[in-house]
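Each ligand, and each atom within it, is numbered from 1 in the order the structure gives. We number each residue from 1, following the sequence as shown.
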Amino acid sequence: MRAAHEMNASQAWERSRASLDVERIREDFPILKRRVHGKPLVYLDNAATSQKPKVVIDATHRYYSEENSNIHRGVHFLSEQATGAYEGARARVKRFLNASDAREILFVRGTTEGINLVARSYGRKFIQEGDDIIVSAMEHHSNIVPWQIVCEEVGARLRVIPMNDRGELLMEEYEKLLNERTKFVSVTHLSNALGTVNPVKQIIERAHRCGVPVLVDGAQAAPHVRVDVRDLDCDFYAFSGHKLFGPTGIGVLYGKASLLEAMPPYQGGGDMISAFTFAKTIYKVLPFKFEAGTPNIAGGVGLGAAIDYLDGIGLEAVAAYERELLAYATEALCTIQGLRIIGTAKEKAGVLSFVLDGVHAHDIGTILDRDGIAIRTGHHCAMPVMQRFGVPATARASLAFYNTREEVDALVAGIDKVREVFN
Ligand code: 7TS
């Protein structure tokens with residue numbers, strides 16, 4: 001029976017490997033050839049930021065070398081080219097998310113800014129004293145603090161969906177929190193500290209039955225699972241370019257046009273007004289109303305290239321490969337004495353948070369680093385998760401499609417070394 005199971009698992013692995021030529025893919029990422037402390041780099045910190053394929057590096061390089069100019073304002077050749085490149089990237093993001101209109105795609109600095117935009121603009125206009133905002137116990141601080149600020153300013157209250165010992169949201173508790181005071185729900189699609197993939201479609205459907213809009217924090221999900229904002233029917237969806245194999249300093253906020261149109265600007269400045277007088281300023285149409293000032297043009301161009309690259313590989317193939325690699329890594333880590341995985345949800349994606357008896361997470365990270373293995377240690381900006389599981393910190397290995405079983409083996413060997421040092 002076990003042999004049959006193993007054969008199936010290994011067949012599945014071979015299938016996902018076959019659909020993804022990882023050795024060839026690794027050639028696309030110059031940094032993966034680096035050696036760190038004399039050892040080949042084993043990069044397992046993809047949830048913090050992912051590495052960039054050469055096509056993304058080349059696209060930003062080409063932009064600065066050949067097209068650099070300010071956008072939306074020049075009548076000259078370069079400005080038109082730069083505008084075309086930037087707006088072309090917006091069209092790619094629209095397709096990537098299956099949004100119905102490019103006006104619904106706002107370029108921001110990253111997930112953090114996307115959520116702050118909604119909290120400040122929507123929150124200040126539509127949330128009042130006595131209202132409730134619902135978040136979950138597994139949010140990154142960037143999906144808690146902006147809402148805390150709104151609550152403090154207007155006198156609203158933050159309610160928190162709890163989770164079970166596996167790190168799954170308690171949907172019955174969520175249902176109980178929803179009532180006529182609820183004015184907004186903001187939840188993560190994929191937890192950076194636990195790896196849990198949340199049933200966001202169900203969360204959205206329940207909120208909508210009460211007429212409540214939902215923001216989905218897609219910082220971790222967008223690079224690993226296919227996102228279809230129309231199928232989810234989310235009202236807002238935020239993600240960061242740098243976790244999606246694109247540049248830092250660029251990200252996306254998707255918002256339904258009807259909501260964005262009803263919201264006041266987030267920042268004022270150039271490129272967001274259609275008519276100005278000292279008495280009154282008329283704002284531009286979407287998306288420009290929310291994009292004051294010169295944006296990260298090269299970042300947008302690089303993000304467009306990252307999306308093209310990811311589309312070329314196929315998110316479905318990526319997800320299948322990472323699922324197999326996660327299963328392999330989970331099984332391998334479970335064989336290590338004294339190691340406990342934090343986050344064992346049934347629906348999980350490539351994050352492995354763990355603690356080791358008698359060893360602080362930072363010591364694990366430091367010792368692994370000597371072998372060229374990069375992981376993250378700490379609270380991962382998700383302190384409610386640490387509190388829920390009663391740990392000060394975890395060590396976290398997070399996977400991407402360019403990681404291999406050999407790298408997982410190196411991680412396991414590294415942790416064995418940590419245990420030897422501390423025994
Ligand atoms: N939301 C989630 C779920 C995240 O994981 C992160 C960053 C953010 C929001 C914020 O994204 P940013 O690009 O605006 O900074 N998470 C992590 C992490 O897990 N390690 O470093 C950053």
Side-chain angles (χ1 to χ4, degrees), residues 43-52 93 106-120 135-149 160-161 163 167 169 185-198 200 203 214-225 227 234 236-254 266 295-296 299-300 302-303 306 342-343 345 347-354 361-362 365 374-386 388 391 393-400:
Y43 188 77
L44 296 171
D45 195 16
N46 295 287
T49 198
S50 59
Q51 299 303 346
K52 321 303 171 200
V93 175
L106 312 186
F107 280 127
V108 288
R109 196 159 53 83
T111 308
T112 303
E113 188 175 39
I115 298 171
N116 274 277
L117 188 159
V118 178
R120 289 200 93 62
V135 297
S136 89
M138 65 174 79
E139 299 308 317
H140 186 277
H141 294 162
S142 62
N143 196 23
I144 305 175
V145 182
W147 301 110
Q148 279 180 322
I149 294 171
V160 183
I161 313 168
M163 56 186 162
L169 293 181
V185 174
S186 198
V187 288
T188 191
H189 197 165
L190 201 172
S191 158
N192 69 317
L194 298 165
T196 311
V197 179
N198 284 320
V200 282
I203 291 171
V214 181
L215 181 149
V216 179
D217 172 350
Q220 296 297 340
H224 303 284
V225 298
V227 176
C234 54
F236 301 99
Y237 197 97
F239 73 88
S240 301
H242 71 97
K243 295 187 203 282
L244 197 122
F245 317 101
T248 51
I250 186 81
V252 169
L253 175 72
Y254 158 83
Y266 164 58
N296 182 353
L303 176 58
I342 306 289
E347 296 298 328
K348 238 191 113 167
V351 171
L352 280 154
S353 248
F354 58 91
H362 291 314
I375 62 160
R376 184 170 170 190
T377 64
H379 54 62
H380 315 294
C381 301
M383 284 177 91
V385 172
M386 302 301 122
R388 170 65 180 76
V391 293
T394 72
R396 181 191 68 183
S398 50
L399 309 172

Going by the atom numbers of ligand 1, which of them fall below 4.0 Å from some non-hydrogen atom of Q220?
3 (C), 4 (C), 5 (O), 16 (N), 19 (O)
Once the angle between the rings of H379 and H141 is folded into 0 to 90°, is it parallel (under 30°), tilted (30 to 60°) or perpendicular (over 60°)?
tilted
4.5 Å side-chain heavy-atom contact, N296 and R109
no
Using a 3.5 Å cut-off on N or O atoms only, is D217 in polar contact with ligand 1?
yes
H242 touching ligand 1 at heavy-atom level, < 4.0 angstrom
yes
Please identify which atoms of ligand 1 are closer than 4.0 Å to at least one heavy atom of S142.
1 (N), 8 (C), 9 (C), 10 (C)
Is there side-chain contact between V252 and L303, with at least one heavy-atom pair below 4.5 Å?
yes
For the residue pair H224 and L399, what are the closest heavy atoms and their distance?
CE1-O, 3.4 Å
Knowing that exactly one of L169, N143, V187 qualifies, which makes a side-chain contact (heavy atoms from CB on, under 4.5 Å) with M138?
L169
Atom indices of ligand 1, in the order listed, that fall short of 4.0 Å to a heavy atom of A219:
1 (N), 2 (C), 4 (C), 6 (C), 8 (C), 9 (C)
I need the atoms of ligand 1 closer than 4.0 Å to a non-hydrogen atom of T188, numbered in the order shown.
3 (C)
Does an N or O from S240, backbone or side chain, lie closer than 3.5 Å to an N or O of ligand 1?
yes
Winner among H380, R376, E113 once heavy atoms are compared against atom 20 (N) of ligand 1:
R376
Does K243 come within less than 4.0 angstrom of ligand 1, counting non-hydrogen atoms of the residue?
yes
Should R396 be listed as contacting ligand 1, given a heavy-atom distance under 4.0 Å as the test?
yes
What I'd like to find out is whether the side chain of R396 reaches to under 4.5 Å of the side chain of N192, using heavy atoms alone.
yes
Distance-only side-chain donor-acceptor flag, T188 / H140, under 3.5 Å:
no
For a 4.5 angstrom cut-off between non-hydrogen side-chain atoms, does F236 reach I115?
no
Would you mind running through ligand 1 and noting each atom that sits below 4.0 Å from a heavy atom of T112?
10 (C), 11 (O), 12 (P), 14 (O), 15 (O)
Could you check atom 4 (C) of ligand 1 against the protein and tell me its nearest heavy-atom contact, residue, atom and distance included?
H140 CD2, 3.4 Å
